[in-house]
Structures are given as structure tokens and as C-alpha cells.
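So that the names make sense, note that chain A is the first sequence line, chain B the second, and so on, each numbered from 1.
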Amino acid sequence: MTKDTEKRKSDRILEKIRNRKEKNKSTEAEEEKNELVIFRLAEDYYAFFGSDINEILPYESVTFVPGCPEYITGIINVRGDIESVLDLHRLMGLSPAEPTKQSRIIIGSKGEIRSGILVDSVEDVISVSMSSVKRPIATLDKRIKDFSIGGETIYEEKYVSILDIEKIFEKMQE
Amino acid sequence: MKSGNNVPDEIRILTFCIADTCFGADMEEIGGMLPGDRAADREYEIFFFHEKISFAGKHITYRAPMILLLNDSERRRGICVDQPADMNIVIPIDSIRPLPPLITSLSSSFPLWGVTEVNKQTVLLIDIFKLMDYGR
């Protein structure tokens, strides 16, 4: 049937299968993973990329600064550095909420800009592959769309809109 | 006390609080003080502090109003604040922190310019001359 030097059909098939498996393995290894800081605003879940977040602080008293737009709650002193604190509720046009024990101030930075961002709670920090980030539903609220990276993921069976900290800072400087 | 380039090593401030926020003004900008009941005095151009900068709808009351007269040779004007808490507090320049960029980028004429701490309380440093020209 075939020469001895030629591989048997079954061997060739097996080799192909193995190669495919190896290729899949390396693709998985190369697939970009990102950390997400998942937080809650009212009843909804949102996230920032972990690479944009410096630290997460428990809520502390914020010094009011007059003359600022209402979405700048004020300033805090973080080990000698003065940071502004943004209220995402107000910035995104959600109903204002009083801080609670669960409230957190996420310190984020992008380029030269660094600021605290007040959220209702931080739920988790997870690692996700970018392939699991899907395009948001078409009916996503425009107020959220304006600050979204254009993707969302699922956390504990809930949709999580991934927000772009740069878009938030840009909005502040408009 | 001056160092090179005419930048002082320290400033002396007067502090006062309005709506639970404490402010500090450079004593060099203040030429005198008048009791609050002289606010209607026509000899001076006088504004209440909250008329010059927005307190985001907060209700502002002055328990013991006092008018700070500007050290201004050209115009006789003053700003009405609540009773000064302290005067002549020495603040080393090194202890002053700038306001965060998201706040300073709001306006080039923003009258608040720095943050310091007095008796463990955050004090916002205000340029009274800039405040007088600041539009709400």
C-alpha cells in the first residue's frame, strides 16, 4: 500500500490533531488577560481596568471645595498628597447617594491625571481574558456608553460595564 | 523672611470657616478688618464670600461676619467672611500642597491655589484678589 518511509494516514491525522492542540495551547497562553476592579453604583455593576487603578481606600471625610462642578465632591489627603474625589453618580446622571460603610474611594490615574473616584462598593478584583469582553447591548444607556470602553463582561451572572477612566477624566476637563 | 527669586520660605495666614470648609488667606493681602455690620458701608465695595464662589446650593450663614479689607491702593474693597478663627499662622511653603489637576484645570483664574493643614484640619488657601475678580 505505502512505502515504509511514508507516514501512515492515522499517524498523520494524530500529528495534525496534536499540532492543533499545541497551537490552541499557545494561543490561550498568548491571550491577553486583564485585571478588572469590579464596583457597584446603585444596583448596577461596573469595572475599571486594574492597570488604571493605584489603590482602593475606605471612605473618609472629603473636604468640600467651593467653585467646583457638583460631580467633584472635594479633596482628600492621601499620605500627604491631595487628591480630588469624583462622584460617579452625579457624573453619570444617576440619583445622588449618601456614602455608607461600604463606600470606597478608588484612586485611578491615566497619564498626568490622578483622582479619587467615589463608588458605592468594590465587589471584587478579577482577571479576565479580553476575548470574554463582549460588545455592550445596543440599548445600553447613553450616559454609560459615554464612559464605556465599548465592552462588558459577566460577573456573578450580572452584566458589568467596563468604564474608561481616561474618558471620565476627559469629561472633567471639557 | 525671603529666599532667592523673591519666593518666601513661609507665609502668614488668617483662617476662617464657611459652611464647614476652612480657608486661609495670606495676611499680606489684608489691609484691615471691619465688623460685619459695616457690610452696607458705601465707602467700600463689599461682597459676601459666597457671592463670589459657588457653594453648590449649600445654605450659607455667617454667625459672626467680619469684613476683610483688601490691601489694595487702587480700590477700597472688602470681602465678608465668618469670624476669623486664627491670625498670623505661619505656614512653611514646603507644607503647602497644590490642588489636584482636575480642580486647577477648571479655570485659570480659580482663586483657590493650595492646601495646607492647621491643627490637623485641612485649610484651602485662597487668593482674595483673584476671588474678588472671580465670576460665579
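Residue B:L102 touches chain A through both its backbone and its side chain, counting heavy-atom pairs closer than 4.5 Å. For B:P98, the part lying under 4.5 angstrom from a heavy atom of chain A is the backbone only. For chain B, the nearby part of A:I72 is the side chain; its heavy atoms alone come within less than 4.5 Å.
Counting all heavy atoms, side chain and backbone alike, A:P66 lies closest to B:L124 at CD-CD1, 4.0 Å. Closest non-hydrogen pair, B:F110 versus A:C68, comes out as CZ-SG, 4.4 Å.
In this structure the side chain of A:P69 reaches within 4.5 angstrom of the side chain of B:L106, judged on heavy atoms.
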Please list every donor-acceptor pair closer than 3.5 Å that links chain B with chain A, giving the two atom names and the distance for each.
unit_1, atom_1, unit_2, atom_2, d
B:T21, OG1, A:F64, O, 3.4
B:S54, O, A:G67, N, 2.7
B:R97, NE, A:G80, O, 3.0

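Under the 4.5 Å side-chain contact rule for hydrophobic residues, A:I76 and A:L118 share a cluster. Note: the hydrophobic cluster containing A:V85 does not contain A:F169 (ILVMFWY, side chain heavy atoms under 4.5 Å, direct or indirect links). By the rule that hydrophobic residues join a cluster once side-chain heavy atoms approach within less than 4.5 Å of another member, B:F16 and B:M132 end up as members of one cluster. A single hydrophobic cluster is seen to contain both B:F23 and B:V115, as judged by linkage of ILVMFWY side chains at heavy-atom distances under 4.5 Å, directly or through other members. Hydrophobic clustering, with ILVMFWY side chains joined whenever heavy atoms are under 4.5 angstrom apart, groups B:I126 together with B:L70.
The neighbour count for B:M27 CE, taken as heavy atoms of other residues, nucleotides or ligands under 6.0 Å away, is above 12.
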